[in-house]
Each structure stands twice: as structure tokens, then as C-alpha cells.
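Here's the structure, in C-alpha cells; my notes come after.
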Number of protein chains: 2
Amino acid sequence: MKDPKTDYLTCPIRHVIGKFGDKWSLLVLYSLHTSESGVLRFNELRKHMNDCSQKMLSATLKNLERLSLIHREVYPVVPPKVEYSLTQTGLSLMPSITSLIEWAQKHFKEVIPKDVIID
Amino acid sequence: MKDPKTDYLTCPIRHVIGKFGDKWSLLVLYSLHTSESGVLRFNELRKHMNDCSQKMLSATLKNLERLSLIHREVYPVVPPKVEYSLTQTGLSLMPSITSLIEWAQKHFKEVIPKDVIID
DNA sequence: TATGGTAGTTACCAAAAAGTAGGAATTGAG
DNA sequence: CTCAATTCCTACTTTTTGGTAACTACCATA
């Protein structure tokens with residue numbers, strides 16, 4: 001008789017999905033990883049994810065920082081300047097993520113995306 | 001000036017997240033992959049994911065079948081018997097997924113899961 | 001005084017995801 | 001005729017997610 005809550009706590013898959021399986025987290029990590037300097041500012045990130053709202057980007061960054069996957073460096077200047085970068089932990093995650101992305105690039109040409117409505 | 005819709009269609013990350021970044025898909029794939037025979041029935045899968053409702057499991061399986069990641073074999077017997085297994089495409093995805101899972105197993109001990117409330 | 005630029009936050013609202021409870025279909029066994 | 005077993009489906013409700021628009025704060029510059 002497993003307790004769902006306990007089960008959740010011990011299931012690595014649900015940890016992964018639950019923590020950064022949302023709409024924007026992987027895109028943030030990927031953007032940081034592929035940027036030349038490895039560092040991006042708030043509005044630079046927004047340009048990389050061109051239809052992400054300020055609110056969602058802000059929430060996503062806050063979450064990733066909480067998980068120690070990204071680092072947030074604030075420069076006390078005017079106008080404000082904040083730089084985001086991957087932490088060591090975040091960096092260690094990237095091979096797995098790029099593996100997933102490469103798979104998608106190879107195989108989703110084969111898979112019929114029936115859920116995409118062309119209007 | 002990128003069109004968000006077009007952008008969505010060409011972004012592999014959003015493909016991945018959008019198609020099987022939901023709460024249960026990875027768990028289904030993983031369960032099938034780690035089962036001895038490589039084949040599981042509906043209620044066997046439910047036992048592997050002990051707090052997934054019938055509705056959600058059913059919807060998840062239908063989605064994965066639509067994406068050609070799993071195969072659904074129906075035996076016309078009474079009571080009904082349906083077996084699910086990975087397709088070749090599904091199987092080709094597993095290294096990337098297990099990579100992610102292994103990362104989670106290693107690193108989420110380090111990460112403080114502040115969103116988990118112990119009551 | 002007014003404007004601009006950066007990095008957000010907040011309130012409000014709509015849409016999507018997911019849980020619950022019940023029904024449906026099948027047909028051999030009793 | 002009824003029940004049981006298995007695999008779902010449907011209607012209903014709740015929860016979560018995400019979008020929009022407006023707002024803050026800072027100070028330098030015009």
C-alpha cells in the first residue's frame with residue numbers, strides 16, 4: 001500500500017517532470033547553454049523565447065534559481081542589470097537535455113504531429 | 001519578426017515538452033522499458049503508477065500511441081485484454097530518457113525540494 | 001518636469017489539465 | 001438472468017497554468 005505522496009518523493013521521473021517539465025524551463029537552460037558567453041540578461045532571454053511573457057520568464061527564472069540550476073547575478077546600476085548563467089549543477093544536466101533535443105530533431109520529422117492545426 | 005506559431009513548429013524543445021512533457025508519459029515509457037517482457041497491460045501499468053487515474057492513463061496511452069511511441073495490441077477475448085509495448089521509435093527515445101532519469105537520481109539529492117511540504 | 005530604459009511585480013481573467021464518479025461493452029460461468 | 005473482469009469513456013468539478021495590462025523602482029538625461 002504505497003502512499004502517493006511518498007511515491008512522488010521517491011520517483012526521479014516525477015521529480016524531473018514536476019520541477020522543470022514546464023513550458024519554458026528547458027528553453028531557458030538551452031538558451032543559456034548555447035549562448036556564446038554563457039550569460040544572458042532578462043530581455044536577451046526574452047528574445048530567445050520570443051513568445052514568453054515577462055511574468056512567465058520571471059517565474060521560470062525564479063524557479064530555476066531555487067533549484068540551483070541557474071545563477072542570478074545582480075549589478076547595482078541604473079538602469080538595472082541582471083545576468084543569468086548556468087550553475088555547475090545546471091551544466092551537468094545539459095548533456096541529457098541536448099540528447100533529448102537531438103532525438104526530437106531526428107525523429108519528429110517521422111512522427112505525424114496531428115495536434116498541429118494549420119489554419 | 002518571428003511568428004510565435006511558426007517558432008513553435010520549428011523548436012524541438014517545445015516539441016518534446018509539448019508532446020510528452022506531461023505528468024505521466026515518461027513514466028509509461030519507463031515502465032514499459034523496464035518491464036521484463038517489454039509488454040504491460042492497462043492495469044499493470046496502473047500499478048506501476050499508483051496514483052494515476054484511469055482517465056489520465058487512458059489519455060496518456062492514446063497520446064503516446066498517436067505519436068507512434070507505443071504499440072497497442074488488442075486481443076478480442078473476454079474479458080478484454082490489451083497489451084502495450086514500445087515501438088522502435090519509442091525504444092530509440094529511451095537512452096535520452098534514462099539519461100535524464102539518472103541525472104535526477106544523482107543530483108536531486110543535492111537540490112533542496114522547497115516545494116515539498118511535509119505535513 | 002517629463003522621458004527612457006531595465007527588470008521585474010501584481011491583479012485579473014481565460015484556458016488547459018487533471019481528479020471523481022459513474023456508465024458502457026463484452027460474454028462465459030453460475 | 002445476473003455477475004464478474006477488463007478496458008475504457010463521459011460529464012462534472014476543481015486545480016493549475018499561463019496570458020494581458022498596468023504598475024513599481026531606480027536614476028540619468030533632455
Side-chain angles (χ1 to χ4, degrees), chain A residues 3-5 7-8 11 13-14 17-28 31-32 39-66 70-85 115-117, chain B residues 2-5 7-8 11 13-14 17-28 31-32 39-67 70-85 115-117:
Chain A
D3 177 6
K5 207 182 289 173
D7 198 42
Y8 169 79
C11 176
I13 303 171
R14 298 184 60 181
I17 294 297
K19 284 176 204 305
F20 48 89
D22 61 288
K23 201 171 172 183
W24 301 111
S25 290
L26 287 194
L27 221 42
V28 167
S31 296
L32 290 174
V39 169
L40 289 175
R41 299 178 63 181
F42 189 86
N43 281 326
E44 289 173 335
L45 277 166
R46 279 201 74 192
K47 279 165 208 157
H48 280 245
M49 303 141 61
N50 70 340
D51 54 341
C52 176
S53 65
Q54 280 189 324
K55 172 190 163 183
M56 288 314 300
L57 181 53
S58 176
T60 302
L61 291 168
K62 202 180 283 182
N63 179 49
L64 291 174
E65 192 196 1
R66 196 175 54 83
I70 65 172
H71 172 70
R72 183 172 184 270
E73 184 78 34
V74 183
Y75 297 88
V77 294
V78 168
K81 176 176 171 178
V82 180
E83 286 183 342
Y84 295 92
S85 55
D115 57 340
V116 175
I117 293 133
Chain B
K2 278 190 199 171
D3 177 5
K5 207 181 289 174
D7 198 42
Y8 168 80
C11 176
I13 303 171
R14 297 184 61 178
I17 293 296
K19 284 179 205 305
F20 47 89
D22 60 287
K23 201 170 171 183
W24 301 111
S25 290
L26 287 195
L27 220 43
V28 167
S31 296
L32 289 174
V39 169
L40 288 174
R41 298 179 63 184
F42 189 85
N43 280 325
E44 288 174 336
L45 277 164
R46 279 202 75 192
K47 279 165 208 156
H48 281 244
M49 302 141 63
N50 72 340
D51 54 340
C52 177
S53 67
Q54 281 189 325
K55 173 190 162 183
M56 288 315 299
L57 181 52
S58 177
T60 303
L61 290 168
K62 197 181 285 180
N63 179 50
L64 291 174
E65 191 196 1
R66 195 175 54 82
L67 296 171
I70 64 172
H71 172 69
R72 183 172 185 269
E73 183 80 31
V74 183
Y75 298 89
V77 294
V78 167
K81 176 176 170 178
V82 181
E83 287 184 342
Y84 296 91
S85 55
D115 56 342
V116 176
I117 293 132

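First the proteins, then the strands, lettered A, B, ... as listed; each starts at 1.
Comparing C:dT9, D:dT7, D:dG18 by their nearest atom to the side chain of A:Met56 picks out D:dG18. Closest to the side chain of B:Lys55, from the set D:dT6, D:dA11, C:dA7, is D:dA11. The side chain of A:Val82 lies closest to C:dA7 when the candidates are C:dA7, D:dC8, C:dA18.
Between the CZ atom of B:Arg46 and the C1' atom of C:dT20 there is a distance of 12 Å, rounded to whole Å. Atoms CG (B:Asp22) and C1' (C:dA16) sit 13 Å apart, rounded to a whole Å. With rounding to whole Å, A:Asn43 atom CG is found 13 Å from C:dG4 atom C1'. Distance B:Glu73 CD to D:dT7 C1': 15 Å, rounded to the nearest Å. Whole-Å rounding puts the B:Lys23 NZ to D:dT15 P distance at 13 Å. At whole-Å resolution of the value, CD1 in B:Ile17 and C1' in C:dA16 are 16 Å apart. Here the C1' atom of nucleotide D:dT6 and the NZ atom of B:Lys47 are 11 Å apart, to the nearest Å. Distance CG (A:Asn63) to C1' (D:dT16): 14 Å, rounded to an integer number of Å.
Toward the 5' end of DNA chain D, the nearer of the two residues B:Tyr84 and B:Val78, judged by each one's closest nucleotide, is B:Val78. Projected onto DNA chain C by closest heavy-atom contact, B:Trp24 and A:Arg72 fall at different nucleotides, the more 5' of which corresponds to A:Arg72.
Residues B:Asn63 and B:Thr60 have side chains that never bring a donor and an acceptor to within less than 3.5 angstrom of each other.
Between B:Arg46 and B:Glu44 no salt bridge is recorded (no basic side-chain N to carboxylate O distance below 4.0 Å).
Distances shown here put a side-chain N or O of A:Lys62 below 4.0 Å from the OP1 or OP2 atom of C:dT9. Not one side-chain nitrogen or oxygen of B:Arg41 sits closer than 4.0 Å to the OP1 or OP2 atom of D:dT6. OP1 or OP2 of C:dA7 has not a single side-chain nitrogen or oxygen of A:Ser58 nearer than 4.0 Å.
Distance check, rounded to the nearest 0.5 Å: CD of A:Glu73 to NE2 of A:His71 gives 4.0 Å. One finds the CG atom of B:Leu26 at 4.0 Å from the CD1 atom of A:Ile17 (value rounded to the nearest 0.5 Å).
In this structure, A:Ser53 reaches the bases: a heavy-atom distance under 4.0 Å links it to at least one base atom across the strands shown.
Using a 4.5 Å cut-off on side-chain heavy atoms (C-beta onward), A:Val28 and A:Ser25 make no contact.
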